[in-house]
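The structure appears right after this line, and notes come after that.
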Amino acid sequence: MSEVLLHAEGIDKNFGITHAIDHITLDFYKGEIHALIGENGSGKSTFTSCLTGIYQKDSGTFTLNGRQINAHNQVDGNYQGVAIVVQELGTLSGLTVAENIFLGKEDEFTKHGVKNSRAMNAKAQELLNSYGFDYIKATDPIDKYNFEDRKLIEIVKATHFKPQVLVVDETTTALGEKGRKELFRVMHSIRDDGRCVIFISHDLEEVLEQADNISVLRDGELIDTVASKDVTADDLKKLMVGREMNGKYYRTDYGESVPDEVVLKGENLSVPGEFEGLNIELHKGEILGIGGLSECGMHEVGKALFGASFDRKGTVTLEDGTQINDITTAISHSIAYASKDRDNESLVLNDTIEDNICLPSLEDLKKNHILHAKDMRSFATKYAEQMSTKMEGVTQFVSALSGGNKQKVVLARWIGKDSDIVILDSPTRGIDVKVKADIYQMMDDMRRSGKSILMISEEIAELMGMADRILIMKDGRVNGEFRRNPDIKDTDLIARMV
């Protein structure tokens with residue numbers, strides 16, 4: 001066995017009555033990619049947040065290269081040799097690319113109280129070029145770049161100073177194929193350099209492929225550490241949930257007819273820089289999948305159909321002739337939308353679970369034009385519990401939840417709204433295997449009851465397993481259409497993506 005690089009001894013963290021991690025003791029080795037897996041709320045992100053300075057642990061010690069470290073914030077963690085790329089967006093709007101890369105380290109470019117912006121920009125561009133990201137310009141506002149490019153900038157920010165330990169926390173869920181390859185290349189170079197990567201992911205096949213060793217957490221406790229070569233995905237599922245899982249995630253039906261009735265139609269839709277000339281029909285009781293590489297424009301399609309794209313051209317029309325040009329009209333006509341970027345577009349982070357779940361249903365909850373706190377509490381609790389959200393209660397702020405539990409809140413609000421048309425962009429991003437199966441069952445129940453679902457996904461297995469029809473996009477246009485068929489192969493879809 002290699003030499004221990006990082007030793008965690010008795011790490012403990014509580015959030016009120018919630019025991020997030022319970023005296024975890026664990027070793028991480030030099031030249032290792034070490035995965036942490038577990039259900040949402042199992043403690044993975046809390047543990048690594050304590051290591052990197054996002055949270056302060058309640059007890060225990062971290063020892064790096066024989067020296068105790070105790071990061072008080074992320075910048076302090078960087079100086080002590082640890083860094084993290086988080087699941088959600090970790091860059092700050094309003095700053096340039098260079099300012100984000102060197103955030104908290106401006107003193108490296110400051111002399112006699114004056115910052116040398118030219119030197120900072122030049123160094124940032126040099127780093128971007130060295131990673132192969134030369135199309136990203138250091139002097140550009142960060143807001144010019146999409147979600148995936150901003151994650152790549154975060155990778156540069158977190159790794160350019162060669163940390164001894166890099167935490168990759170569910171980052172792959174935000175990346176397309178190109179971004180994942182870049183991230184894995186960086187992870188492997190860190191391992192090959194004798195340092196360590198702590199890799200958090202819900203994609204068990206990805207974990208088995210990338211990690212050397214895997215530690216499983218459940219309810220804040222360390223269950224076991226295994227070598228990836230000695231286990232299967234089913235073995236890991238059993239360790240995660242404490243019992244056997246049947247693995248029957250996807251629909252098993254084939255050949256079922258979809259009604260001719262069109263409930264939502266987009267005609268000649270375009271969003272500059274994203275997609276153009278899109279014609280799309282969603283049928284009653286249909287799950288329509290849209291897939292492609294991350295940058296193909298598909299993620300903007302959901303916004304455009306929901307009336308959330310400000311510069312959209314073309315028309316979106318319901319069965320009764322109503323045109324959808326704004327979010328208010330969409331919601332009032334029973335359309336729901338869950339964005340891929342949940343923190344910025346689907347949730348109010350600095351508000352409670354209760355308010356987030358009730359928000360689109362406020363008019364429905366009124367009695368004689370009055371909202372009653374008891375009714376709101378009961379409504380939110382019902383749907384939060386239906387999604388198995390790990391929480392202290394619905395009065396807890398959403399910002400305190402793990403990424404997967406945030407996603408459950410997003411889905412809970414739209415299940416509660418009981419919309420007839422549901423647009424889901426990356427619905428299982430950051431969701432553990434147990435809840436993923438529940439979501440797929442929920443989608444199947446919805447379509448059987450006559451509701452219509454548009455599912456945008458970068459996961460080929462998800463598209464093939466759940467959709468009645470699949471549209472594949474490439475370079476902002478539809479490049480292929482597939483009907484539900486057991487003989488379709490993933491290579492058929494990939495051929496239309498690239």
Only one of K157, K115, K123 forms a salt bridge (Lys or Arg N to Asp or Glu O under 4.0 Å) with E99, so which one is it?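 For E99, the salt bridge (Lys or Arg N to Asp or Glu O under 4.0 Å) test succeeds with only one of K157, K115, K123, which is K115.
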
For the residue pair [X] and [Y], what are the closest heavy atoms and their distance?
X: S59; Y: H23; result: OG-NE2, 4.0 Å
X: R484; Y: T252; result: NH2-N, 4.3 Å
X: I155; Y: V85; result: CA-CG2, 4.3 Å
X: H34; Y: S215; result: NE2-OG, 2.7 Å
X: A384; Y: A412; result: N-CB, 4.2 Å
X: R195; Y: P163; result: NH1-O, 2.9 Å

Apply the side-chain contact (heavy atoms from CB on, under 4.5 Å) test between I198 and each candidate in L166, L51, I33; give the one that qualifies.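 Single side-chain contact (heavy atoms from CB on, under 4.5 Å) partner of I198 among L166, L51, I33: L51.
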
Aromatic contact between F161 and Y79, with the criterion being ring centroids under 6.0 Å apart: yes or no? no

Quick check on the 6.0 Å ring-centre criterion: do H160 and F102 meet it? yes

Gap separating the [atom1] atom of [X] from the [atom2] atom of [Y], nearest 0.5 angstrom:
X: F184; Y: K181; atom1: CZ; atom2: NZ; answer: 11.0 Å
X: I280; Y: E481; atom1: CD1; atom2: CD; answer: 9.5 Å
X: I11; Y: T61; atom1: CD1; atom2: OG1; answer: 5.5 Å
X: R118; Y: T139; atom1: CZ; atom2: OG1; answer: 12.0 Å
X: D444; Y: M466; atom1: CG; atom2: CE; answer: 5.5 Å

Is there a side chain to side chain donor-acceptor pair (under 3.5 Å) between Q74 and N78? Walk through the geometry before answering. CA-CA 6 Å; Q74 283 181 258; N78 292 170; over 6 Å; no

Please state whether the rings of F133 and Y135 are parallel, tilted or perpendicular, taking 30° and 60° as the class boundaries. perpendicular

When the ring planes of F28 and F47 are compared, do they come out parallel, tilted or perpendicular, using 30° and 60° as the limits?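 It falls in the tilted class, 30° to 60°.
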
Just by distance, no angles: are the side chains of [X] and [Y] close enough, under 3.5 Å, to form a donor-acceptor pair?
X: S42; Y: R218; answer: no
X: Y131; Y: T159; answer: yes
X: Y440; Y: E462; answer: yes
X: N485; Y: Y254; answer: no
X: T428; Y: E459; answer: no
X: E276; Y: S270; answer: no
X: N344; Y: D341; answer: yes
X: E458; Y: S426; answer: no
X: S201; Y: E170; answer: no
X: T232; Y: D235; answer: yes
X: N405; Y: T389; answer: no
X: Q125; Y: N129; answer: yes
X: S45; Y: D169; answer: yes

Looking at side-chain heavy atoms only, is the closest gap between [X] and [Y] below 4.5 Å?
X: K406; Y: V398; result: yes
X: K57; Y: D12; result: no
X: D27; Y: L6; result: no
X: I142; Y: R150; result: yes

Please lay out, stage by stage, how R342 and D425 fare under the test salt bridge (charged side-chain N to carboxylate O under 4.0 Å, His left out). CA-CA 10 Å; R342 58 177 168 249; D425 191 346; over 6 Å; no

Check R180, E206, H202 against T172 for a side chain to side chain donor-acceptor pair (under 3.5 Å) and give me the one that passes. E206

Walk me through it: do Q210 and H188 pass the test side chain to side chain donor-acceptor pair (under 3.5 Å)? CA-CA 9 Å; Q210 300 299 328; H188 294 165; 2.7 Å; yes

Between K44 (side chain only) and E39 (backbone N and O only), is there a donor and an acceptor less than 3.5 Å apart? yes

Closer than 3.5 angstrom, by distance alone: can the side chain of R413 be matched with the main-chain N or O of N356 as a donor-acceptor pair? yes

side-chain contact (heavy atoms from CB on, under 4.5 Å), that's the test. Do L411 and L424 meet it? Break it down for me. CA-CA 9 Å; L411 295 172; L424 300 174; 3.9 Å; yes

